Each structure stands twice: as C-alpha cells, then as structure tokens.
There are 2 protein chains.
Amino acid sequence: MSPVAAEPNGAPPRRPRGRPGHDRDSVLRRAIDLFNQRGYDATSIGDLAQDLGVTKSAIYHHVDSKETLLSLALDEALDGLSAAVAGALEADDSAYERLRSTVEASVRILATHLPAVTLLLRVRGNGPVEQAALARRRLIDEQLATLVKDAVAEGSLRSDTDPELISRLVFGMVNSLVDWFHPGGAISADELATTVTSVLFDGLVVRR
Amino acid sequence: MSPVAAEPNGAPPRRPRGRPGHDRDSVLRRAIDLFNQRGYDATSIGDLAQDLGVTKSAIYHHVDSKETLLSLALDEALDGLSAAVAGALEADDSAYERLRSTVEASVRILATHLPAVTLLLRVRGNGPVEQAALARRRLIDEQLATLVKDAVAEGSLRSDTDPELISRLVFGMVNSLVDWFHPGGAISADELATTVTSVLFDGLVVRR
DNA sequence: CCTACCGATCGGTAGG
DNA sequence: CCTACCGATCGGTAGG
C-alpha cells in the first residue's frame, strides 16, 4: 500500500502542503541571470532573494551555498559544450567537416544555454569552483585545437598560421556571441549557427 | 627663485620629501591588473593596498575613490580605440581598405593597452562610470557598423549577411584577443594584427 | 512527517 | 602615508 494517502489515481501531481514558491531550478535560472547582470561577486544572496520575493533563508532551503549555484550553472554550460564537441568529433568525415560541424554545434549550445555559457565565459578562476570549470574548459579547448590542427594537416585550412592561433580566433568569434545575442530576437539560433559558420569557412569577402 | 631648495642644477628629479612610494599611474596600473584578475567588484581597496605594500588610506592619497581608478582605466581604453578608428576612417580609400586598416589598428591598440581594454570589454554597466563607458563604446561600435555597411554597399563584402551582424562577428573576434593574448609572449602585437586581419579578410580556408 | 518559508541575527569585512 | 574608526552589508544559520 502506498504511504501517500488517497489521491484520485492519475491526477497530476498537486502541491499538497507548503507555499507555491519556487523550486531549485527556478532559483538557479534567476541566479544565473543576476550573476550575468552584475557579476557573481557583486550579486548577494540577499539580491537574489529580493528578486524572487522571498527571504534569504528561503534560498538556502533550495541550495546550500552561493557557490553551489555557480557550480550548477557552470556544469550546465560545460556539459552542453562537451557533448556538442564530442558529437561532432566522432563523425566519420574529414577534419574540415568535423570542425565545421563543431563550430555550428557550439553556436547552437551557446544560443540554447546562453545564460549558463555566458557565465562560464566570464569566469576568471576565483575560488575552487571557478578553477575546476576553467580546467574542464581547457580540456575542451585542447580538443578544438587538435581538430584545427588536423584540418590544417589535411590541407583544408591555411598552413601559414599556427593552428592554435586559428583555433583561438575561430572560437573567439563564436564565444563573442554571448556579448550581444538575445534568443527570441531578430535572428534565430539556427540562422546564427549557419551564418557564423559560413562567415568563418566561406569567408567575408566577395571573390571574383 | 624656485620654491624648492638648493639642488645641483641639471640633476635628475629626486624625491625630495616623503617615502619612495608610488605615484598615481603606478597605482592605476596595479589596480587595473587586479580588477582584471578578480573583477572590479571583488577587488577591494584593501586588496590593492596590500598588493602595493601600503595601507588603504595611502591609496586615497593618490586617487579619491575606487570609481576614479575605474574611470581612468576605461578612458584610456576608449581614447585609444576612438583614435584608432578615427585615424583609419579618414583615409582617402575604399571602404574595404578603411575597414581593413581599422581592424588592424584596433588589434594594435588592444595589444598595446591590453589591461585597460580588457577591463573595458568586461564592463557590464553597473553604476554611472560603467554606463558612461558603455555609451562611448556604443558610439565606436556604430562607426564600425557604418564602415562595414559601406564596404558591403561597395560590393567588397558579402551581401547575404546583415552588415550589423558582420560587424559584431568581426570585432567579436578582435575583442576575444583579450582573453588569451600576452604581450612579450610567442606572438608580437604586429604579427597578431596582420594575422587577425588576414584571417578575417583573406579567409581561413585554402581555395583551389 | 514533508515542503516551503519567515523574522532575526551570527561573526566578519567592505569602501571610505 | 598611518591609526583609528564609521555605517552598511556580506554569506550563512538559528528556532519555529
């Protein structure tokens, strides 16, 4: 017999006790937004509580430290980017095509997880949580650099420039999207992904 | 007669009174570095004082607020970038060539005033000083967008992509340099400027 | 017995 | 350039 008392079977889960309130994820979403607006250090739990219309203590009901919020956000971004890169890497294709789809997939992740990725890209390594995130990010960057190197070796990309530098420039352009892109604006995530990829690989200049 | 007491004529300026200590500019340089390392809000005047080996009050001898340090730094970056753009804009040349030299000049300013430009690019608009800097930055961005638009209209750049978007991508790549470039490292500011410009305008891909 | 939350306050530290 | 402080606010926790 169920330990839960009589409930009409199949009924949607109700909120039996307590206030309507927030859950862990909605607290996290607001926290990420505030961290991005004012910076992590400049955002107090009190600010977050005020924004959500609850007390500070209510925040600590959902999450046990401010750093946990940061950690959850950075993991979201890193998990998304890792998956995107891993997916594009394992394709049975030329290095050029794998690089091209990695760029496109990265832009998509960046656009769909924009707040979390924005936070990740602003992390400077203060404290253990940020340092762990930077370490994971470095691993991804190394995979990207290797992919670029393969594309150069294959003869697809110009060989007069250090592959490491090319990689930094390419993903520098990709990452700069967080500074202005707004989902739901004039340009969609799909358009953005294909346009950025084309500008990088098909070029900017009209050739005669 | 000079108010300063007897000093052998032609001697290099000595430090007549007080401790050896720092001057306003050396305080500013350290402040910019710390702001970039930990973030402006996370850096206290106490941190800066400790780093310089003086007390907090000693800082306030050279500058009358933490915001003043921020303001001086942001003006340095904005003055440099404005001058670079203005110089390249007034050349009697095609829009394409003016854009190309603007990109190159921007990279040079970014490399030579790296700490100040880094700080500028991380400003989020908290407080009046940051908002004023963002306003000045927007003016520069508008000049850049106009220049890209002219180059598209002239037929030099691809016309299937919004000039505004092209401008954001181009200067997104340029600005991303602050995330990894270190003066005095393996690559010089000159090399960086020509390589970034070439990657953007000559393309990444080997064409047959 | 649970989820969701409150009013008040802790020991320390911020910019000035 | 220092000692001695201020008003306020920080992240986090108590009992209910």
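Chain naming here is simple, since letters A, B, ... match the order of the sequence lines and numbering starts at 1 in each. Fair warning: this is a prediction, and the values are worked out from it, not measured in the lab.
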Report summary line: Writing each nucleotide of DNA chain C 5' to 3' as (, ), [, ], | or . by Watson-Crick or G-U pairing under 3.5 Å yields .....|.|.|..|.||
Query raised in the report: Could you give the distance from NE2 (H182(B)) to CG (L177(B)), rounded to the nearest 0.5 Å?
Result: 12.0 Å
Report task. Rounded to the nearest 0.5 Å, what's the gap from OG on S82(A) to CZ on R137(A)? Could you check? Result -> 12.0 Å
Interatomic distance, [X] [atom1] vs [N] [atom2] [rounded to whole Å]:
{"X": "K66(B)", "N": "dG16(C)", "atom1": "NZ", "atom2": "C1'", "answer": "12 Å"}
{"X": "H61(A)", "N": "dC5(C)", "atom1": "NE2", "atom2": "C1'", "answer": "7 Å"}
{"X": "D25(A)", "N": "dA4(C)", "atom1": "CG", "atom2": "C1'", "answer": "17 Å"}
{"X": "R24(A)", "N": "dT3(C)", "atom1": "CZ", "atom2": "C1'", "answer": "15 Å"}

With a 4.5 Å heavy-atom cut-off, do [X] and [Y] have their side chains touching?
{"X": "R24(B)", "Y": "T68(B)", "result": "yes"}
{"X": "R122(A)", "Y": "Y40(A)", "result": "no"}
{"X": "R108(B)", "Y": "D190(B)", "result": "yes"}
{"X": "V170(A)", "Y": "V148(A)", "result": "no"}
{"X": "R136(A)", "Y": "L74(A)", "result": "no"}

Query raised in the report: Using the C1' atom in both, what is the distance from dT9(D) to dG11(C), to the nearest Å?
Result: 13 Å
Query raised in the report: Can you tell me how far C1' in dA4(D) sits from the matching atom in dG16(C), rounded to whole Å?
Result: 13 Å
Query raised in the report: Which residues within residues 40-58 of chain A lie with some heavy atom under 4.0 Å of an atom in DNA chain D?
Result: T43(A), S44(A), I45(A), K56(A), S57(A)
Report task. May I ask you to evaluate whether H62(B) reaches the phosphate of dC1(D), defined as a side-chain N or O under 4.0 Å from OP1 or OP2? Result -> yes
Query raised in the report: OP1 or OP2 of dT13(D) less than 4.0 angstrom from a side-chain nitrogen or oxygen of Y60(A), does that happen here?
Result: no
Query - Test item: side-chain donor near acceptor, D23(A) and S26(A), under 3.5 Å - result: yes
**Report entry** salt bridge (Lys or Arg N to Asp or Glu O under 4.0 Å) partner of R30(B), chosen from D51(B), D25(B), D47(B)
**Finding:** D51(B)
